[in-house]
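Just so you know, ligand 1 is whichever comes first in the structure, and atom 1 is the first atom listed for that ligand.
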Amino acid sequence: MADLDLQEIHDFLISIAQEAGEMITAAYPTTSASGTKKNSADLVTETDRAVEKMVSTSLRQKYPHIAFMGEETYSPGDLLTSSPTFIVDPIDGTTNFVHRHPYVSISLGLAIALVPTIGIVYNPFTRTLYSGIRGRGAFRNRTTPLPLTTPPPPFEDLSSCLVAVEWGSDRSGNDYKVKSQTFTRLCAAKEEGGAMVHGLRSLGSAALNLCAVATGELDVYWEAGCWAWDVCAGWVILKETGGMIVDANPGNLEPRVDGRRYMAVRGGEGQKRIVEEFWGLVEGKFEVGL
Ligand code: LIP
């Protein structure tokens, strides 16, 4: 494949995100127009499907040689390869969308050789656009360079951090236990073996969580169970701000984009210490992605 024009692809993805945003804000999802996938907490709406159709059609027309992976058309067993691949979540935060809670985004990523390389995340309700190209920086609304504070403040320890987590849609078994026990430990007082973080947030969109870590509005985001389309775009934006993305299980500093276990830490002196401190608090080990 000839060299890809990353800037042109980035600009095209922004135009698609804006078109998708109009579809999303014009839609009136109701629980009766939505459906469930795996269980009653794993929602999909007609708008998710319509947006993915529009996005995949536009991308296949303009870039027929680039592979496509989308949340709503993924089948178990579809593997992400090292070929350039668009990785798309038409609505990240579908549960919020159904409830008309405005923490919703479209997430458009491009991975090359499995490395997230272009990322566009757009919240059409707040009209906030995050974008980045690997090696070329990340921006909010195209002009504000990220992170918002430069240099980002140094870390003390987890007790001064605002941490995002997600409950996800798997509500039983080992991984649910790892999450819920770790959440308790993160909040608990230090005398009781906890980290006593400033607060835990469970906002409902992995892509926007990653962007909030990139801007510096969150310090850490930890989740297991979400998918490449939830994180690919935000990953680029985060890394371009000096943020780190590592495994949610202790030990692995180089997770795969489709590894399904992630911890993001904003840029700032001491970020590796935060990773180690957090890993020391994880209660057990996630099985997802192993
Ligand atoms: C959702 C994520 C959320 C995560 C859910 C789900 P969806 O994406 O962004 O953070 O906890 O498991 O993957 O389903 O709204 O595209």
Closest non-hydrogen protein atom to [atom], residue and atom name please, with distance?
atom	value
atom 10 (O) of ligand 1	Ala206 N, 3.2 Å
atom 8 (O) of ligand 1	Asp92 OD1, 3.0 Å
atom 14 (O) of ligand 1	Glu71 OE2, 3.5 Å
atom 12 (O) of ligand 1	Gly168 CA, 3.6 Å
atom 4 (C) of ligand 1	Glu223 OE2, 3.2 Å

Flag [X] as yes when one of its N or O atoms lies below 3.5 Å from any N or O atom of ligand 1, and as no otherwise.
X	value
Asp230	yes
Trp227	no
Thr94	yes

- Item | Phe97 and Phe125 aromatic ring geometry - parallel, tilted or perpendicular at 30°/60° bounds |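 Phe125 and Phe97: tilted rings.
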- Query: Going by the angle between their ring planes, with limits at 30° and 60°, are Phe183 and Trp222 parallel, tilted or perpendicular?
  - Reply: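 If you compare the ring of Phe183 with that of Trp222, the planes turn out perpendicular.
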- Message: Could you tell me, atom by atom, which parts of ligand 1 come under 4.0 Å of a heavy atom of Asp89?
- Response: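 Going through ligand 1 atom by atom, the ones under 4.0 Å from Asp89 are 16 (O).
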- Query: Measuring from Ile66:CD1 to Ile9:CD1, what's the distance to the nearest 0.5 Å?
  - Reply: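 Here the rounded value is 4.0 Å.
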- Once you round to the nearest 0.5 Å, how far does CZ of Phe286 lie from OH of Tyr176?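 Answer for the CZ-OH pair, Phe286 versus Tyr176, is 12.0 Å.
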- Message: Distance alone, cut at 3.5 Å: any donor-acceptor contact between the side chains of Glu52 and Tyr74?
- Response: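 There is no such pair between these side chains.
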- Polar contact flag, side-chain donor to acceptor under 3.5 angstrom, Asp92-Ser107: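 Note: Asp92 and Ser107 side chains miss the donor-acceptor criterion.
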- Item | Arg127 atom CZ, neighbour heavy-atom count above 12 within 6.0 Å |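 Check fails, neighbour count at 12 or below.
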- Answer with side chain, backbone, both or neither: which part of Asn209 has a heavy atom less than 4.0 angstrom from an atom of ligand 1?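 Neither part.
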- Message: I'd like the name of whichever of Gly204, Ala207, Cys226 reaches closest to atom 3 (C) of ligand 1 through any heavy atom.
- Response: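 Minimum heavy-atom distance to atom 3 (C) of ligand 1 goes to Gly204.
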- Message: Against the six-membered ring of Tyr28, is Arg100 placed for a cation-pi contact (under 6.0 Å from the centre, within 45° of the normal)?
- Response: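 Not flagged: Arg100 not positioned over aromatic ring of Tyr28.
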- Task: Return yes when Gly225 approaches ligand 1 closer than 4.0 angstrom through a heavy atom, no otherwise.
- Result: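 No; Gly225 lies far enough from ligand 1 that no heavy-atom distance drops under 4.0 Å.
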